[in-house]
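Within every chain, numbering begins at 1; the chains are lettered A, B, ... in the order of the sequence lines, protein sequences first and strands thereafter. Because the structure is predicted, anything quoted here is derived from the model rather than measured.
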Amino acid sequence: MKRAISYALNAVATGVVLGGGSVAAQAAEEGGAAMPQLDFSTYPSQLFWLAVTFAVLFVLMWKVALPRVGDVIDMRAKKITDDLAAIEAATQEIEKISTEIDKVMASARSDAQDVLRKASEKVAADHVKKQDKIDAELAAKAAEAEANIAAATETAIEGLRQVAEEVAASSVEKLTGRPAAKDELASALDAAAGKGG
Amino acid sequence: MAGPLEQFVIKPVGGGEMSSVAFTNSSMWMVLTIIAVTAFMVGGMRKRALVPGPWQSMAEATYEFIGSMIRDNVGDEGRKFFPFVFTLFMFILFGNLLGLIPYSFTFTSHIIVTMAMALFVFVLVTLVGLFKHGLHFFSFFVPSGAPVLMYPLMIPIEIISYLSRPVSLSVRLFANMMAGHTMMKVFAGFVFGLGAATFGLGGIAPIVMNVLLTGFEILVAFLQAYVFCVLTCLYLNDSLHLH
């Protein structure tokens with residue numbers, strides 16, 4: 001490919017030379033002047049200055065200009081590779097962090113469920129305890145009430161016996177005309193209460 | 001009016017005698033060329049910007065251009081010749097381009113200059129081949145795959161073609177530059193000749209022609225610098241890798 005191009009360039013260049021050459025020859029004949037290119041007296045000076053300027057330019061390019069361009073191009077290439085590496089590192093970091101987040105979230109979720117379960121268990125246990133306490137209180141109150149009732153009943157029965165004794169004594173007095181014997185009366189009341197009770 | 005070849009006359013700057021170290025118009029434009037090349041490269045890179053401006057882009061583009069030319073044509077071994085080929089390219093290119101400025105001088109239009117550069121390349125390339133391959137380098141002149149019977153014919157042809165490299169390399173550049181500048185001068189002369197005969201109207205055509213030629217010469221300036229360097233690379237490649 002490169003060879004083909006350079007051959008093509010050669011062909012173009014040769015065409016230019018041939019076209020221009022005839023003009024130059026014609027001009028030389030008309031002017032009658034020889035080609036200045038063939039003036040050998042100028043050769044040493046041309047060669048000397050060519051060597052000097054070319055050597056100076058070579059050193060300037062080699063030591064000054066080209067390293068600067070190379071440095072900048074290398075710097076740019078390094079910057080690009082560094083940036084790409086930084087992107088790679090950041091991507092890995094993101095991945096690591098996101099897995100960490102997932103892990104933390106999972107453990108937090110299980111912790112939360114634990115707490116929730118414990119709380120509901122505690123609530124249930126408290127409920128049972130309170131229920132028991134209330135039951136005990138109610139039972140105590142019921143027992144007290146029953147005792148009160150029993151006492152009241154007894155008092156009432158005792159009152160009744162007194163009333164019955166008085167009623168019986170007065171009835172006996174009215175019927176017999178004499179006061180009733182106290183012990184007879186009491187045993188008769190006891191027998192009646194025992195029958196009734 | 002000056003003849004078309006007078007633009008190629010070499011004379012010491014500020015008069016004086018010609019001597020072997022005389023500072024001539026040719027020398028002056030060589031010095032201006034290396035100043036321009038250095039200013040172009042160093043000036044373009046003065047900011048060393050990560051994102052280059054237009055000037056830095058041009059400086060980097062020439063660097064990459066010659067770099068890829070060597071990579072494509074010579075390979076990795078050509079890397080150490082990069083400064084030389086780069087200098088060669090910039091010296092010829094800027095010499096050609098500065099020579100297009102009116103009243104300037106084109107040092108590449110002199111056969112002795114181009115011949116010196118071509119011979120330097122030729123000697124360099126030959127020495128590179130000899131150092132790399134020793135006497136095996138001469139197998140370069142033995143055509144591969146040709147029947148042995150043809151060797152007496154082929155080997156001299158190969159040698160002649162090898163020896164003619166500096167001639168073609170130097171004449172191509174010199175003749176192109178000289179022809180182009182002569183042609184421009186001839187057409188410039190027509191402006192007066194035709195113009196005087198036709199009350200100025202006839203002068204328009206040669207002026208138009210010269211404008212076109214100037215554009216063409218800018219192309220030639222680039223092309224010849226490129227050709228010179230591509231051929232240098234190809235010769236280097238031959239020396240480094242033989243066939």
Enter the distance from [X]:[atom1] to [Y]:[atom2] here, rounded to the nearest 0.5 Å.
{"X": "A:Trp62", "Y": "B:Thr87", "atom1": "CH2", "atom2": "OG1", "answer": "10.5 Å"}
{"X": "A:Met61", "Y": "B:Phe82", "atom1": "CE", "atom2": "CZ", "answer": "10.5 Å"}
{"X": "B:Leu5", "Y": "A:Met35", "atom1": "CG", "atom2": "CE", "answer": "7.0 Å"}
{"X": "A:Leu66", "Y": "B:Met90", "atom1": "CG", "atom2": "CE", "answer": "9.0 Å"}

Please indicate whether [X] has more than 12 foreign heavy atoms, meaning atoms of other residues, nucleotides or ligands, lying under 6.0 Å from its [atom1].
{"X": "B:Phe222", "atom1": "CZ", "value": "no"}
{"X": "A:Glu121", "atom1": "CD", "value": "yes"}
{"X": "B:Arg79", "atom1": "CZ", "value": "no"}
{"X": "A:Gln162", "atom1": "CD", "value": "no"}

Problem set entry | Most chain B-contacting option - heavy-atom pairs closer than 4.5 Å, from A:Leu60, A:Ile73, A:Val64, A:Leu38 | A:Ile73
I need the residue from [options] with the largest number of non-hydrogen atom pairs under 4.5 Å to chain A.
{"options": "B:Ile34, B:Ile35, B:Thr38, B:Val51", "result": "B:Ile34"}
{"options": "B:Gln7, B:Lys11, B:His110", "result": "B:His110"}
{"options": "B:Phe174, B:Phe107, B:Phe84, B:Phe91", "result": "B:Phe91"}

Which bit of [X] comes within less than 4.5 Å of chain A, counting heavy atoms only: side chain, backbone, both or neither?
{"X": "B:Glu64", "answer": "side chain"}
{"X": "B:Pro52", "answer": "both"}
{"X": "B:Leu88", "answer": "both"}
{"X": "B:Ser109", "answer": "both"}
{"X": "B:Ser26", "answer": "side chain"}
{"X": "B:Phe8", "answer": "both"}
{"X": "B:Phe120", "answer": "neither"}

For this session: Show your working on side chain to side chain contact (heavy atoms under 4.5 Å, CB included) between A:Ser45 and B:Ser19 and close with a plain yes or no.
Result: CA-CA 7 Å; A:Ser45 159; B:Ser19 72; over 6 Å; no
Contact part of [X] toward chain B, heavy-atom cut-off under 4.5 Å: side chain, backbone, both or neither?
{"X": "A:Val69", "value": "both"}
{"X": "A:Leu50", "value": "both"}
{"X": "A:Phe40", "value": "neither"}

Taking C-beta and beyond as the side chain, do [X] and [Y] meet within less than 4.5 Å on heavy atoms?
{"X": "B:Ile112", "Y": "A:Gln37", "answer": "no"}
{"X": "A:Val72", "Y": "B:Gln56", "answer": "yes"}
{"X": "A:Phe48", "Y": "B:Phe23", "answer": "no"}
{"X": "B:Ile111", "Y": "A:Tyr43", "answer": "yes"}

For this session: Apply the side-chain contact (heavy atoms from CB on, under 4.5 Å) test between B:Met30 and each candidate in A:Thr53, A:Leu57, A:Val56; give the one that qualifies.
Result: A:Thr53
Problem set entry | Closest non-hydrogen atom pair between A:Asp71 and B:Arg48, with its separation | OD2-NH1, 4.1 Å
Problem set entry | Presence of salt bridge, A:Arg68 and B:Glu60, under 4.0 angstrom | no
